[in-house]
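First comes the structure, then the notes that go with it.
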2 protein chains.
Amino acid sequence: MWGPYYAAMSLRIAALGLLSEGPASGYDLLKHFEESMANVWPATQSQLYSELNKLSDGGLIEVSAIGPRGRKEYQITDDGRAELVRWVTSPQDDPPFRSAALLRVFLLGLIPAEQARTHLEGMAAHSDAEIARLSELRESLTCGRAVNPSDEAFFGLAALDYGLRLNAMQAQWARSVIDHLE
Amino acid sequence: MWGPYYAAMSLRIAALGLLSEGPASGYDLLKHFEESMANVWPATQSQLYSELNKLSDGGLIEVSAIGPRGRKEYQITDDGRAELVRWVTSPQDDPPFRSAALLRVFLLGLIPAEQARTHLEGMAAHSDAEIARLSELRESLTCGRAVNPSDEAFFGLAALDYGLRLNAMQAQWARSVIDHLE
DNA sequence: CAGGCCATGTAAGACGTTACATGATTTT
DNA sequence: AAAATCATGTAACGTCTTACATGGCCTG
């Protein structure tokens with residue numbers, strides 16, 4: 001259906017995933033994006049709108065209502081849900097891991113040691129700030145409640161916890177590299 | 001020089017970074033890539049060759065020798081080194097963090113709980129395998145030696161250690177999500 | 001002289017970023 | 001009536017993947 005290219009199609013999937021929770025317009029999705037999936041798969045306004053048109057052309061979503069100001073409300077189709085499940089169960093064709101931050105670490109020998117040290121301190125500080133931001137987000141999402149696996153937000157929070165652990169790891173790592181620098 | 005677009009340019013940088021260690025051909029770089037930067041910024045043969053031509057056109061590298069079979073050996077220029085340093089000290093315009101694996105976690109509620117559990121076990125197992133692979137790579141790079149900050153390989157090994165910690169974190173995280181699943 | 005490795009390249013198309021463009025509706 | 005917000009779209013361009021193409025050199 002999508003041709004032989006690009007099994008990944010992650011923004012397509014992110015949009016389908018949000019629509020699987022209920023109908024919404026492109027504008028709605030943009031806002032929902034920011035407080036959820038943008039942390040793991042950011043997208044621009046431009047890209048989202050054109051993706052919605054492609055999804056609609058492909059029959060994975062359809063316009064369910066037209067509102068004021070040309071607002072188009074989309075809903076996911078059965079084909080769309082099938083595609084979502086197919087993607088979720090196909091981790092083997094994810095795009096490869098890439099990290100500009102780690103590439104930079106590789107090249108840190110090119111600048112004076114003191115500057116490299118400052119950069120690593122910046123990485124640690126950035127991670128600390130991310131931990132604060134994500135903790136706040138977590139708090140605002142759970143409101144202190146405990147969350148069960150049956151809860152709709154369960155896996156979103158699991159992803160959030162991944163982010164917390166990732167940043168904790170990164171801060172520790174950066175500080176350990178700094179220690180070895182002396 | 002590169003126009004207003006795409007401050008990131010990471011493959012360009014990876015190639016420049018390898019060439020900063022000494023002259024090499026595209027073919028050489030491809031092989032060196034696999035055992036070093038491909039872990040943090042993979043690239044295909046096709047992309048690397050065209051990037052070398054662009055770098056050459058831009059004056060950041062130059063052909064230093066022509067060998068048999070049309071082999072072109074490149075070396076980095078002063079402009080190239082300046083660009084490398086500029087990029088290394090500009091972390092602010094890195095491309096944003098993206099993870100298809102985490103996007104999938106977000107959507108794990110779409111499949112039966114037992115299947116989700118199996119997927120998380122697969123993630124943990126994958127991390128264990130990565131740890132084994134990276135440990136082996138580390139061993140083959142250090143040959144048991146201790147590494148000083150003055151060593152050329154120091155930051156490459158720091159990046160490798162990041163990978164080890166990342167996968168350890170991921171395995172722990174996956175198993176903790178599994179625990180909460182019951 | 002055949003097979004394997006060395007060595008580079010082109011082309012099509014999907015994905016992502018940036019900038020710009022356009023107009024309707026609601027709020028103050 | 002002006003300003004803010006809602007709402008969608010186009011165009012140019014850089015990046016990445018996939019597939020295909022081409023030929024020289026070396027070894028058995």
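Letters A, B, ... mirror the listed sequences (proteins, then strands); counts begin at 1.
Across the protein-nucleic acid pair, A:Leu48 atom CG and D:dC6 atom P stand 16 Å apart, rounded to whole Å. Rounded to an integer number of Å, the gap from CG of A:Leu55 to P of C:dC15 is 10 Å. Here the P atom of nucleotide C:dA7 and the CD atom of B:Glu51 are 21 Å apart, to the nearest Å. In this structure, A:Phe97 places its CZ atom 19 Å from C1' of D:dT17, rounding to the nearest Å. Atom CG of A:Asp94 is separated from atom P of D:dC16 by 17 Å (rounded to the nearest Å). The separation between B:Arg12 atom CZ and D:dG14 atom P is 9 Å, rounded to whole Å. Remark: P of D:dA7 and CG of A:Asp28 are 6 Å apart, rounded to the nearest angstrom. The NE2 atom of A:His32 sits 12 Å away from the P atom of D:dC6 (whole-angstrom rounding).
Looking at the side chain of B:Tyr74, the nearest of the listed nucleotides C:dG9, D:dT8, D:dC16 is C:dG9. Distances from the side chain of A:Tyr49 to the nucleotides D:dT8, C:dT17, D:dT17 place D:dT8 closest.
The phosphate of C:dC15 has neither OP1 nor OP2 within less than 4.0 Å of any side-chain N or O from A:Gln47. In terms of phosphate contacts, B:Lys72 brings a side-chain nitrogen or oxygen within less than 4.0 Å of OP1 or OP2 of C:dG9. Contact between the side-chain N/O atoms of B:Lys54 and the OP1/OP2 oxygens of D:dG14 is not found at any separation under 4.0 Å.
Listed by residue number, the members of residues 37-46 of chain A with any heavy atom below 4.0 angstrom from DNA chain C are A:Trp41, A:Thr44, A:Ser46.
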What does the list of N/O pairs under 3.5 Å between the protein and nucleotides 3-5 of chain D look like, with a distance for each?
none

Audit row: B:Ser99, B:Arg104, side-chain hydrogen bond (donor to acceptor under 3.5 Å, both in side chains) steps and yes/no = CA-CA 9 Å; B:Ser99 168; B:Arg104 180 168 293 104; over 6 Å; no

Audit row: A:Asp94, A:Trp87, side chain to side chain contact (heavy atoms under 4.5 Å, CB included) steps and yes/no = CA-CA 9 Å; A:Asp94 281 356; A:Trp87 185 87; 4.2 Å; yes

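A salt bridge between A:Arg175 and A:Asp128 is present, with a side-chain N of the basic residue lying under 4.0 Å from a carboxylate O of the acidic one. For the pair A:Glu83 and A:Arg12, the salt-bridge criterion is not met [side-chain N within less than 4.0 Å of a carboxylate O]. Contact check on B:Glu114 versus B:Arg117 returns no salt bridge, with no Lys/Arg side-chain nitrogen under 4.0 Å from an Asp/Glu carboxylate oxygen. Salt-bridge annotation for A:Glu136 and A:Arg133: absent, with no side-chain N of the basic residue lying under 4.0 Å from a carboxylate O of the acidic one. A:Arg71 and A:Glu73 are joined by a salt bridge, as a carboxylate oxygen and a charged side-chain nitrogen come within less than 4.0 angstrom of each other.
Counting heavy-atom neighbours within 6.0 Å of B:Glu152 CD, excluding the residue itself, gives a total of 12 or less.
With a 4.5 Å cut-off on side-chain heavy atoms, B:Tyr49 and B:Leu30 count as touching.
Checking A:Tyr27 against A:Gln45 by side-chain atom types alone, no donor-acceptor pair falls below 3.5 Å.
Residue B:Arg71 is the one, among A:Leu11 and B:Arg71, whose nearest nucleotide of DNA chain C lies closer to the 5' end (criterion: closest heavy atom). Looking at which nucleotide of DNA chain C each of B:Arg98 and B:Glu73 is closest to, the 5′-most match is held by B:Glu73.
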